[in-house]
There are 2 protein chains.
Amino acid sequence: MSDFRPLYPLVLVDTALLSVDDEGLKVLLVRRAEEPAIRKWAMPGGILRPHEDTSLEAAARRILRDKISVELPHLEEVCTASGPDRDPRGWSISVLFFALLPRDQVQAVVKSKVEAVEWANVANLGHRIAFDHEALLERAVGVLRDRVERSVLPLHLMPEHFTLTQLQRTCETVLGRPLDKSVFRRRLKRSSALIELDEFERGVQRPAQLFRATEGFSFFQG
Amino acid sequence: MSDFRPLYPLVLVDTALLSVDDEGLKVLLVRRAEEPAIRKWAMPGGILRPHEDTSLEAAARRILRDKISVELPHLEEVCTASGPDRDPRGWSISVLFFALLPRDQVQAVVKSKVEAVEWANVANLGHRIAFDHEALLERAVGVLRDRVERSVLPLHLMPEHFTLTQLQRTCETVLGRPLDKSVFRRRLKRSSALIELDEFERGVQRPAQLFRATEGFSFFQG
DNA sequence: AGAATAGTGTCTGTCAGACAGTATCGC
DNA sequence: GCGATACTGTCTGACAGACACTATTCT
């Protein structure tokens with residue numbers, strides 16, 4: 001470890017971009033093209049640019065745009081990590097954000113840009129994660145689980161139209177445990193976060209009614 | 001506003017040190033002795049020193065030690081604030097921590113050190129708060145309320161020995177609403193966060209039994 | 001005895017969990 | 001009709017809120 005101790009810390013911004021697919025909860029990882037930790041996988045992140053960015057959140061948005069061509073509506077701070085040894089470049093701070101991507105847009109992200117990008121299964125990452133990003137990811141997933149546990153619906157993970165069963169499956173995937181159907185639906189009826197549509201599914205045994213989230217819903221409402 | 005845009009942002013650490021007294025929820029404010037915002041009141045904070053501090057939390061600890069001679073066990077991150085305009089010195093990041101001080105130690109803090117220090121009523125601050133510290137304080141109080149709401153006891157606010165009624169009063173002060181006695185006690189019985197002592201109050205109408213927190217309790221447990 | 005506060009018992013409404021039952025579709 | 005999945009109804013136990021009641025100590 002170098003003993004170089006700069007006057008200013010390195011300020012980094014990382015984003016845990018989460019989604020779900022049939023395998024389970026997923027996180028977007030990027031294979032690093034530069035030192036440090038070159039060729040290792042990490043959550044998309046980069047260095048704050050005070051002359052470009054108007055806030056840390058704006059920096060996270062810029063980096064996502066540049067690295068993986070994604071524009072996200074909902075970005076939220078999770079925590080920070082800091083210290084002299086967590087990045088070989090020296091004393092650093094990472095501010096971690098988390099964001100949710102609708103599951104029907106998962107494919108779109110993977111084929112973008114030059115760097116290698118992969119949706120990794122959160123439950124089974126392998127041991128190739130750079131820096132302390134594995135611990136950071138755990139924090140982000142914890143925040144998500146906590147929200148869903150408190151009966152906040154992960155509507156940001158859903159496509160525009162979806163059935164109640166699909167929403168339930170998503171919650172179950174996030175929480176990692178089965179939910180009772182009637183309990184789930186009872187709560188939805190009271191939540192006012194969902195709007196009933198006149199459309200129905202197609203091409204399945206019994207088509208279910210489609211719903212959408214209320215206009216301008218926030219991740220926070222019940 | 002200056003157009004000077006440094007390569008590195010200013011990294012600051014602030015702490016919302018909260019306690020309660022008979023008037024209500026209190027926050028420790030320090031009158032700034034230097035520019036910027038000289039003579040205005042702000043939460044105790046300062047600049048990260050990478051060559052001294054091993055983490056942001058350690059920096060917060062150092063600053064509390066230096067400014068107001070307080071050592072705190074429990075320090076926790078709340079959020080960050082960032083941007084080019086929130087501090088006149090330029091692009092800055094503040095990482096906010098929050099901490100709780102037992103109410104029987106409130107007096108000890110006030111008479112320490114050179115700078116003017118004051119426990120301000122959170123509900124009635126006046127309009128003399130520097131920077132964006134008023135908004136930051138709101139976030140910290142929000143975290144505290146949220147914890148207590150979720151039936152996490154604010155044991156860090158209590159003296160070593162306390163009665164159940166005192167604990168209830170503290171919760172009521174934090175939440176700003178009355179709680180039902182029997183409901184409160186029922187929950188405590190299940191919580192296992194409290195240890196029954198053989199001692200009792202003295203010099204009151206009917207002395208109540210004293211309790212203490214379980215050894216090594218965390219703010220997070222129920 | 002009476003005031004004050006500690007501590008307990010009980011009723012009621014609400015809601016989660018569990019599970020069975022009914023409805024409606026494709027084949 | 002049959003299988004599959006959507007959707008609903010109902011029973012039960014746990015718990016919160018409300019409030020009354022008893023107990024113990026000081027004056």
Side-chain angles (χ1 to χ4, degrees), chain A residues 22 103 145-155 158-159 161-213 221-222, chain B residues 22 103 145-155 158-159 161-213 221-222:
Chain A
D22 295 334
R103 59 179 296 161
R145 290 226 170 92
D146 193 72
R147 293 279 168 76
V148 176
E149 203 84 60
R150 287 170 111 180
S151 89
V152 177
L153 302 173
L155 293 174
M158 305 307 292
H161 296 350
F162 51 86
T163 69
L164 299 185
T165 302
Q166 284 165 6
L167 182 56
Q168 185 180 341
R169 293 285 167 272
T170 302
C171 288
E172 289 171 337
T173 299
V174 170
L175 295 178
R177 64 181 165 87
L179 299 174
D180 184 274
K181 181 159 57 167
S182 84
V183 173
F184 188 76
R185 290 162 113 97
R186 212 164 30 195
R187 268 172 29 190
L188 291 187
K189 278 211 176 125
R190 281 196 297 264
S191 83
S192 80
L194 261 47
I195 292 174
E196 199 176 350
L197 300 174
D198 289 331
E199 302 167 53
F200 287 78
E201 264 184 319
R202 291 155 174 276
V204 291
Q205 284 283 17
R206 175 176 167 182
Q209 189 168 13
L210 293 173
F211 290 76
R212 66 173 178 83
Q221 76 198 21
Chain B
D22 295 335
R103 59 179 295 162
R145 290 227 170 93
D146 193 72
R147 293 279 168 77
V148 176
E149 203 84 61
R150 287 171 112 181
S151 88
V152 177
L153 302 173
L155 293 173
M158 305 308 292
H161 296 350
F162 52 86
T163 69
L164 299 185
T165 302
Q166 284 165 7
L167 181 56
Q168 186 180 339
R169 293 285 168 272
T170 301
C171 288
E172 289 171 336
T173 299
V174 169
L175 295 178
R177 64 183 165 88
L179 299 173
D180 184 89
K181 181 161 57 166
S182 85
V183 173
F184 189 75
R185 290 162 114 96
R186 212 163 34 194
R187 268 173 27 190
L188 290 186
K189 280 212 175 121
R190 282 196 297 263
S191 85
S192 80
L194 261 46
I195 291 175
E196 198 176 349
L197 301 174
D198 290 331
E199 301 168 55
F200 286 78
E201 262 184 318
R202 291 153 174 277
V204 289
Q205 282 283 15
R206 173 175 169 183
Q209 189 168 14
L210 292 173
F211 289 78
R212 68 173 177 80
Q221 77 198 19

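Protein chains get the first letters and strands the later ones, always in sequence-line order, with residue 1 at the start of each.
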Colleague: How many Å lie between CD on B/E199 and P on D/dT25, as a whole number?
Modeller: 16 Å
Colleague: Calculate the interatomic distance between A/R150 atom CZ and C/dA16 atom C1'; express it in whole Å.
Modeller: 18 Å
Colleague: Among residues at least two apart in sequence or on other chains, which ones pass side-chain contact (heavy atoms from CB on, under 4.5 Å) with B/D146?
Modeller: A/R150, B/R150
Colleague: How close do B/M158 and B/T170 get, heavy atom to heavy atom, and via which atoms?
Modeller: SD-OG1, 3.2 Å
Colleague: Side-chain contact test, heavy atoms from C-beta onward, threshold under 4.5 Å: evaluate it for B/L167 versus B/L155 and give yes or no.
Modeller: yes
Colleague: When the distance from CG of A/L188 to P of D/dC7 is rounded to whole Å, what number comes out?
Modeller: 11 Å
Colleague: To the closest 0.5 Å, what do you measure between CD (A/Q166) and NE2 (A/H161)?
Modeller: 12.0 Å
Colleague: Any side-chain heavy atom of A/L153 within less than 4.5 Å of one from A/L188?
Modeller: yes
Colleague: Closest approach of A/F162 and A/R212, non-hydrogen atoms and distance?
Modeller: CE2-CA, 3.9 Å
Colleague: In whole angstroms, how far is the C1' atom of D/dT25 from the CZ atom of B/F200?
Modeller: 12 Å
Colleague: Could you list, one pair per line, each protein nitrogen or oxygen that sits under 3.5 Å from a nitrogen or oxygen of nucleotides 8-14 of chain D, together with the distance?
Modeller:
unit_1: D/dG9; atom_1: O6; unit_2: A/S182; atom_2: OG; d: 3.1

Colleague: Indicate, with a heavy-atom threshold strictly under 4.0 Å, whether B/T163 touches base, sugar-phosphate, or nothing.
Modeller: nothing
Colleague: Rounded to the nearest angstrom, tell me the gap between atom CD in A/E201 and atom P in D/dA4.
Modeller: 17 Å
Colleague: Taking only heavy atoms on the protein side, list every residue of residues 166-179 of chain A lying under 4.0 Å from any atom of DNA chain C, sorted numerically.
Modeller: none
Colleague: Compile the donor-acceptor pairs under 3.5 Å between side chains in residues 195-209 of chain A and protein atoms, sequence neighbours left out, one pair per line.
Modeller:
unit_1: A/E196; atom_1: OE2; unit_2: A/Q209; atom_2: NE2; d: 3.2
unit_1: A/E201; atom_1: OE1; unit_2: A/A208; atom_2: N; d: 3.1
unit_1: A/Q209; atom_1: NE2; unit_2: A/L197; atom_2: O; d: 2.8

Colleague: Mind checking A/R190 for me? I need base, sugar-phosphate or nothing, with any heavy atom below 4.0 Å counting as a touch.
Modeller: sugar-phosphate
Colleague: Counting only pairs under 3.5 Å, give me each side-chain donor-acceptor contact of residues 175-182 of chain B, with atom names and distances, residues two or more places apart or in other chains.
Modeller:
unit_1: B/R177; atom_1: NH2; unit_2: B/E149; atom_2: OE2; d: 2.3
unit_1: B/D180; atom_1: OD2; unit_2: B/S182; atom_2: N; d: 3.0
unit_1: B/D180; atom_1: OD2; unit_2: B/S182; atom_2: OG; d: 3.1
unit_1: B/D180; atom_1: OD2; unit_2: B/V183; atom_2: N; d: 3.1

Colleague: From CZ of A/F184 over to P of D/dC7, roughly how many Å is that when rounded to an integer?
Modeller: 12 Å
Colleague: Measure the spacing between OG of B/S192 and CZ of B/R190 and express it to the nearest 0.5 Å.
Modeller: 11.5 Å
Colleague: For the pair A/D22 and A/R103, find out whether any cationic side-chain nitrogen is under 4.0 Å from an anionic carboxylate oxygen.
Modeller: yes
Colleague: In whole angstrom, what separates A/L164's CG from C/dA23's C1'?
Modeller: 16 Å
Colleague: Whole angstrom is fine here: how far is it from CZ in B/F162 over to P in C/dA6?
Modeller: 15 Å
Colleague: Pairs under 3.5 angstrom, nitrogen or oxygen only, protein versus nucleotides 25-27 of chain C, please.
Modeller:
unit_1: C/dC25; atom_1: O2; unit_2: A/Q205; atom_2: O; d: 3.1
unit_1: C/dG26; atom_1: O4'; unit_2: A/Q205; atom_2: O; d: 3.2

